[in-house]
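Reviewing the structure listed below.
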Amino acid sequence: MREKILSPLNPEQERAVTGTDGAVLVLAGAGSGKTRVIAHRVAWLLQERHLSPHNLLAVTFTNKAAEEMRDRVMALLNKDRLPFLWIGTFHSICARILRADIGRLEGGYNTYFSIADADDTLGLVKRILKERGISESNFQPRKVQSAISRAKADALDAEAYAEKARTYFQRTIAPVYREYDRRLRESNSLDFDDLLFFTERLLEGDEEVRERYRARFLHLLVDEYQDTNRTQYRLLRLLASPRCSVFAVGDEDQSIYRWRGADIQNILDFQRDFPGAEVVKLERNYRSTRPILEAANTLVAHNENRLGKNLWTEREEGEAVTLFAAPSDREEAAYVADTVERYKAFAEYRQMAVVYRTNAQSRSFEEAFLNRRIAYQVVGGIKFYERREVKDVLSYLRVAANPLDRISLLRVLNVPPRGIGKVTVETLEDMARERGGTLYGVIREEAAKGGLPPRARVALRGFVDIMDALDRKVRAGKDLGALAEFVLEATGYVSYLDSLKGPGPDPQDRLENIQELVSAMRDFEIRQGGSLAEFLERQALVSDQDSLDASGTDTVKLLTLHAVKGLEFPIVFLTGLEEDLLPHVLSQESDAEVEEERRLCYVGMTRAMDRLHLTWARRRYVYGTLEDRRPSPFLLEIPGEMIREEAGVPSAGGSLLEAAQMLERKAAPKPQRPFKVGCRVHHPKFGFGIVLSTKGEGEDLKVTVSFNRHGRKMLLARMAKLEVL
DNA sequence: CAATCCCATTTTTTT
DNA sequence: AATGGGATTG
């Protein structure tokens, strides 16, 4: 057994696995076997150090990674179950902790709390802004949402935020934040940040709970440490007693979630935070050939803010990395599809991946693959559980599980339309406020009697009857699939979908999505034996990667650079290597942002085991208009001799030299089109801003600018005294 | 109250 | 290109 755990490891990996009981930081380069190190460490602790599974907590980045980790450990130990071993994402672990003890926090939450997703919370922000007459053009809901999220990551609740608010923006949204939290509270709902933030407050404020977990967890193992945020860091410190061993694995070169609050300083400061920590570097790469690794190493070496390491591989021989400059995005897709077909002679589809910066780029590839009948799967994108029809059905179930969930209740009250209109809803909300009762309670009262017009009352009655019947089925312990089917049937959802023809998604597709939901619920019931509440929680916390089908159908994977993290493929197409796409237009304000984009590129390159193909397009459709594109500056950071240029279509020359010239040309002043999307401008009255888009030309050139202080304005270029900076 | 039409805007990445 | 919101109409 001991052999099984240690023999597959190289000396550095073994040192990490068998390392001290103090803190350990494993700096694991791409493809150096970091997941393996955690799995083997867990197995080692259980087997050789005789720890109980009860004493370990392993944190992964996705639920899928958690499952794989558990499988690996079980295989190493020849066990077919390990029920007391906690493995999960920060969010799912926090949800679990809160289910047990959220009642000990102030705020009146109970164990049936719902988890509000990004869509729910955005809707909530919009409603609040509208109610308060705050202009959405100056306070974009998205910005407000992320400010609230940021505040929670900094452990600032609404009160603390209001106190600290200085800028006009902060002072305006402080009450919005307060109202947002109030609404979540009355809905017995938590957003993603709350899951972490509440757990922090619970552990910090409640000694008994804190000591319970501290006494339990003797080892904390954290994967992807470079992408933890400040709250997660504080949680770690709260959970770790002085005698607990913290084992963190990560790679600062793969930190790509700064925009979500991840703080690369966590990993850079590990040795300071955990004095005496042992540091193990894993620099041997088992994945890629030398040409691939060399190109990737050279690129990422341009970053300043890194610990630095030197990845090497024994796979000396290998095909050169190629670069293809396509005349257009269509032809880029055609090139990829053609190449996929050629590989198909000796490789499987599943061994190939097409990677891009933005989800919108998947389209041209989907079209090309559809044409050539290449089987593919888009990972992520518009997520399954965010599709409207799926959310509608889920919302019924959410109300059944948590009747206080007002957000879900308002969503389905009149879906499919049953005659409960805006006026009625407003009346009901007023009544709830006056009587100090819950919205759901008021609806039930008014359905039975009350002062509403008869038509509205009958409509309410219909809704309440459905919910009552659903409730009975939940209590009777009906299986999950049956619950979903009941919702469909009782609400007449299928014929409602039929009536939705016209623009928008094909009703047939929507129907299939719903059927998919029903079978996902069945599957969950059979495989995990889970309850409705467990299904809803799981569902709320799935990641893009969780949708990667394990069923093993042979498909080419299409996915973003973020979604591809942690995966590997024999053949990788890294596409859209263009200026303003990678690095993205919206991410070049600071060096830190550009460095993150460079890491993103590095992550994409290092996914490839045998073949890496880079592509870009000279012209591309962006929001429906054809744009001229330039190659990504990152391409010039990789020496020409490390890249072989593909001729591809004869008319397309496209050499690195040419790329260099184009970039030089760009550096020189460009008089003909001064207002480029993304460039900074100054206006005498509105101050500094960024050009969002342009319209028309010559005399009629209009420029849309997002000003720092004054929001979005559309200006006539020849009138406004706009100065390009 | 619901359906229809028109206009404007757009996420870059997601637990 | 596609989607969502707002206003308008039946």
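In this text the structure is predicted, and so the values were computed from the model without any measurement. Labels below follow one simple rule: chain letters A, B, ... track the order of the sequence lines, proteins then strands, and each chain is numbered from 1.
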Which nucleotide in the set [options] lies at the smallest distance from any side-chain heavy atom of [X]?
X	options	answer
A:Lys126	B:dT14, B:dT15, C:dG5	C:dG5
A:Val423	B:dT15, B:dT14, B:dC1	B:dC1
A:Pro417	B:dA3, B:dT14, B:dT12	B:dA3
A:Arg363	C:dA2, B:dT15, B:dT14	C:dA2
A:Thr560	B:dT15, B:dT12, B:dT14	B:dT14
A:Thr89	B:dT15, B:dT14, B:dA3	B:dT15

Would you please determine if the base of B:dT15 is stacked by A:His91, with stacking meaning a centroid separation under 5.5 angstrom and planes under 30 degrees?
->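 One would not call A:His91 stacked on the B:dT15 base.
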Just wondering, do A:Tyr623 and B:dT10 stack (centres under 5.5 Å, planes under 30°)?
->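 A stacking contact exists, since A:Tyr623 sits close and nearly parallel to the base ring of B:dT10.
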Produce the list of close N/O pairs, under 3.5 Å, pairing protein atoms with atoms of nucleotides 6-10 of chain C; give distances to one decimal.
| residue | atom | partner | partner atom | Å |
| --- | --- | --- | --- | --- |
| C:dG6 | OP1 | A:Lys130 | NZ | 3.1 |
| C:dG6 | OP2 | A:Lys130 | NZ | 3.3 |

Base, sugar-phosphate, or nothing: which does [X] touch, judged by heavy atoms less than 4.0 Å apart?
X	answer
A:Thr358	sugar-phosphate
A:Arg388	sugar-phosphate
A:Thr424	sugar-phosphate
A:Arg455	nothing
A:Asn359	sugar-phosphate
A:Asn414	sugar-phosphate

Verify whether one side chain among [X] and [Y] offers a donor that lies under 3.5 Å from an acceptor in the other.
X	Y	answer
A:Thr60	A:Asp223	no
A:Glu389	A:Asn513	yes
A:Ser146	A:Ser149	no
A:Thr615	A:Glu332	yes
A:Ser187	A:Asp405	no
A:Tyr180	A:Asp191	yes

Let me know the distance between [atom1] of [X] and [atom2] of [N], rounded to the nearest Å.
X	N	atom1	atom2	answer
A:Glu136	B:dT10	CD	P	10 Å
A:Arg538	B:dT15	CZ	C1'	13 Å
A:Gln145	B:dT15	CD	P	14 Å
A:Asp117	B:dT15	CG	P	11 Å
A:Arg142	B:dT9	CZ	P	16 Å
A:Leu235	B:dT15	CG	P	18 Å
A:Tyr385	B:dT14	OH	P	17 Å
A:Glu537	B:dT15	CD	C1'	13 Å

Considering only NZ, NE, NH1 and NH2 on the basic side and carboxylate oxygens on the acidic side, decide whether A:Glu537 and A:Arg99 come within less than 4.0 Å.
->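 So A:Glu537 pairs with A:Arg99 through a salt bridge.
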Is A:Glu627 salt-bridged to A:Arg629, going by a charged N under 4.0 Å from an acidic O?
->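 Answer for the salt bridge query: yes.
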With distance as the sole criterion, do the side chain of A:Ser587 and the base of B:dT12 form a donor-acceptor contact below 3.5 Å?
->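 Indeed, a donor on one side and an acceptor on the other fall under 3.5 Å apart.
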Is the number of heavy atoms from other residues, nucleotides or ligands under 6.0 Å of A:Phe169 CZ greater than 12?
->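 Check passes, neighbour count above 12.
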Of A:Leu541 and A:Gly421, whose closest DNA chain B nucleotide lies nearer the 5' terminus?
->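 The 5'-side residue here is A:Gly421.
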Between A:Leu600 and A:Ala456, name the one whose nearest nucleotide on DNA chain B is closer to the 5' end.
->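 Its nearest nucleotide lies further toward 5', so the answer is A:Ala456.
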